[in-house]
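Working notes, structure below.
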Protein chains: 2
Amino acid sequence: MAAMKNTITQAAIDLFFKKGYYATSISEIAGACGIQKASIYYHFASKEDLLFTIMHDTMAALTAYLRRNLERVSGIEKRMRRAVSCHVHFHLEHQKETFIASSELRGLCRSNYLEIVAMRDQYEGIFQELIAAGTRRGVFAPCDVKILSYAILTLCTAGAFWFKPEGRLTVDEIATIYENFIISGLKQGRIEPLPA
Amino acid sequence: MAAMKNTITQAAIDLFFKKGYYATSISEIAGACGIQKASIYYHFASKEDLLFTIMHDTMAALTAYLRRNLERVSGIEKRMRRAVSCHVHFHLEHQKETFIASSELRGLCRSNYLEIVAMRDQYEGIFQELIAAGTRRGVFAPCDVKILSYAILTLCTAGAFWFKPEGRLTVDEIATIYENFIISGLKQGRIEPLPA
DNA sequence: GTCTATACGATGATAGAC
DNA sequence: GTCTATCATCGTATAGAC
């Protein structure tokens with residue numbers, strides 16, 4: 001990506017994260033890049049195009065990251081643990097982008113909205129398949145797959161709302177807490193408790 | 001509350017829920033009430049005042065509802081189940097207001113923001129006390145109280161984002177799913193599994 | 001309490017020079 | 001690729017009549 005285009009994208013990510021999409025103006029973004037607001041339009045067609053690009057790239061990277069990490073993991077419980085861990089890691093390590101991607105859908109026009117939602121549905125589908133496979137094999141208790149997949153994903157996504165990199169816990173510690181909580185919630189007393 | 005003030009509040013709730021706070025204009029709200037936009041300012045000092053009122057009243061009602069419902073319930077697990085059930089019921093039965101309260105904090109100035117966040121912290125504190133009491137008595141596994149309270153609350157709050165009143169499941173069914181998931185997650189295999 | 005009229009600022013976006 | 005200049009629009013909010 002061209003240098004300035006990248007600079008603009010990063011400035012937009014910072015500002016959208018800090019102030020929100022609507023509260024951020026094109027001239028603020030330009031100011032943060034040391035250029036005039038008209039110059040933004042050489043690189044992006046519109047403010048929404050900038051938002052859409054951020055969301056699209058983030059969703060694509062998130063999905064690719066999960067797929068890559070699940071490739072060589074087998075066993076339902078291990079795969080689910082890995083999926084949760086990936087979700088948490090990606091969201092906390094790309095906190096700004098994932099925060100924007102999950103809170104600024106309102107800023108998109110219908111066609112862009114549908115495209116991002118389709119990517120999100122595809123990503124959620126990976127978790128839904130894992131849950132369904134787990135219940136089929138009796139590793140997880142029978143459950144409503146859709147509701148629980150939403151629950152699991154939002155629970156972790158929420159981390160991107162309050163996480164502070166310099167905070168009390170590391171990303172790994174947080175991921176482990178979520179993993180254990182979620183696996184226990186899915187098993188509902190089934191099989192043996194986790195080894196201490 | 002005076003009739004028109006109430007009409008304005010309801011129109012604002014509908015529009016803020018449907019389009020978002022920033023995307024909703026004062027004249028749209030006025031239009032929905034059949035009055036001119038200037039008339040709004042007789043009832044509310046500003047657009048933000050309207051948002052703040054909605055959030056404040058919602059948080060107050062939510063906290064009162066939880067407190068009232070916990071009054072006569074004893075036993076850690078039963079109290080936690082009741083708390084989760086209340087949280088879910090209130091959020092799904094007041095979907096629009098709770099959606100606004102949890103997604104439009106960005107629209108508040110610093111002092112109003114701090115006031116709403118203080119109310120939210122107080123509400124979260126009730127759950128944190130329940131979790132802490134449960135771990136002290138060994139009903140729940142040792143855990144990070146703050147992280148899990150955030151997890152539990154956001155998980156249920158998220159229901160207000162996708163819930164459709166005419167959907168496949170009733171509020172009670174959804175509440176039960178969340179209750180079981182959360183209690184199992186808190187116990188982490190501790191004590192006996194739930195009776196089938 | 002509600003109206004009409006208006007002040008005032010900011011915003012996204014475009015035109016055209018360099 | 002970036003600039004200056006500007007457009008057109010829309011927003012919140014206020015003043016003052018009724």
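Below, read A as the first sequence line, B as the second, and so on, with proteins coming before strands; counting in each chain starts at 1. Side-chain atoms are counted along with the backbone in the values below, which use heavy atoms only and exclude waters and symmetry mates.
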Could you please name the option among [options] that lies closest to any side-chain atom of [X]?
| X | options | answer |
| --- | --- | --- |
| A/Ala38 | C/dT4, D/dA5, C/dA13 | D/dA5 |
| A/Ser27 | C/dG1, C/dT11, C/dC3 | C/dT11 |
| A/Tyr42 | D/dT2, C/dC3, D/dG11 | D/dT2 |
| A/Ile35 | D/dT2, C/dA13, D/dT12 | D/dT2 |
| B/Lys47 | C/dA13, D/dT12, C/dA15 | D/dT12 |
| B/Ser25 | D/dG11, D/dT2, C/dC3 | D/dG11 |

Starting from [atom2] on [N], measure out to [atom1] on [X] and report it in whole angstrom.
| X | N | atom1 | atom2 | value |
| --- | --- | --- | --- | --- |
| B/Ile40 | C/dT2 | CD1 | P | 10 Å |
| A/Tyr41 | C/dG12 | OH | P | 6 Å |
| B/Ile29 | D/dG11 | CD1 | P | 11 Å |
| A/Gln36 | C/dT11 | CD | C1' | 15 Å |
| A/Lys37 | D/dG1 | NZ | C1' | 18 Å |
| A/Ile26 | D/dT6 | CD1 | P | 21 Å |
| A/Leu51 | C/dG12 | CG | P | 12 Å |
| B/Lys19 | D/dG11 | NZ | P | 9 Å |

Note to self: With a 3.5 Å distance limit and no angle check, can you tell me whether A/Thr176 reaches the backbone of A/Asp172 through a side-chain donor-acceptor pair?
What the structure shows: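 Indeed, once roles are kept as given, a pair shorter than 3.5 Å links the two residues.
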task: List the steps, then state whether ring-ring contact (aromatic ring centres under 6.0 Å, His included) holds for A/Tyr123 with A/His87.
output: CA-CA 10 Å; A/Tyr123 178 75; A/His87 186 76; 5.6 Å; yes
More than 12 heavy atoms of other groups within 6.0 Å of A/Phe163 CZ:
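Above 12, so yes.
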Taking any heavy-atom pair under 4.0 Å as a contact, classify A/Ser39: base, sugar-phosphate, or nothing.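 The residue A/Ser39 makes base contact.
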OH on B/Tyr22 to CG on B/Leu51, rounded to 0.5 Å: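 Answer rounded to 0.5 Å: 9.0 Å.
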- request: Compute whether any side-chain donor of one residue and acceptor of the other, for B/Asn112 and B/Glu48, lie under 3.5 angstrom apart.
  value: yes
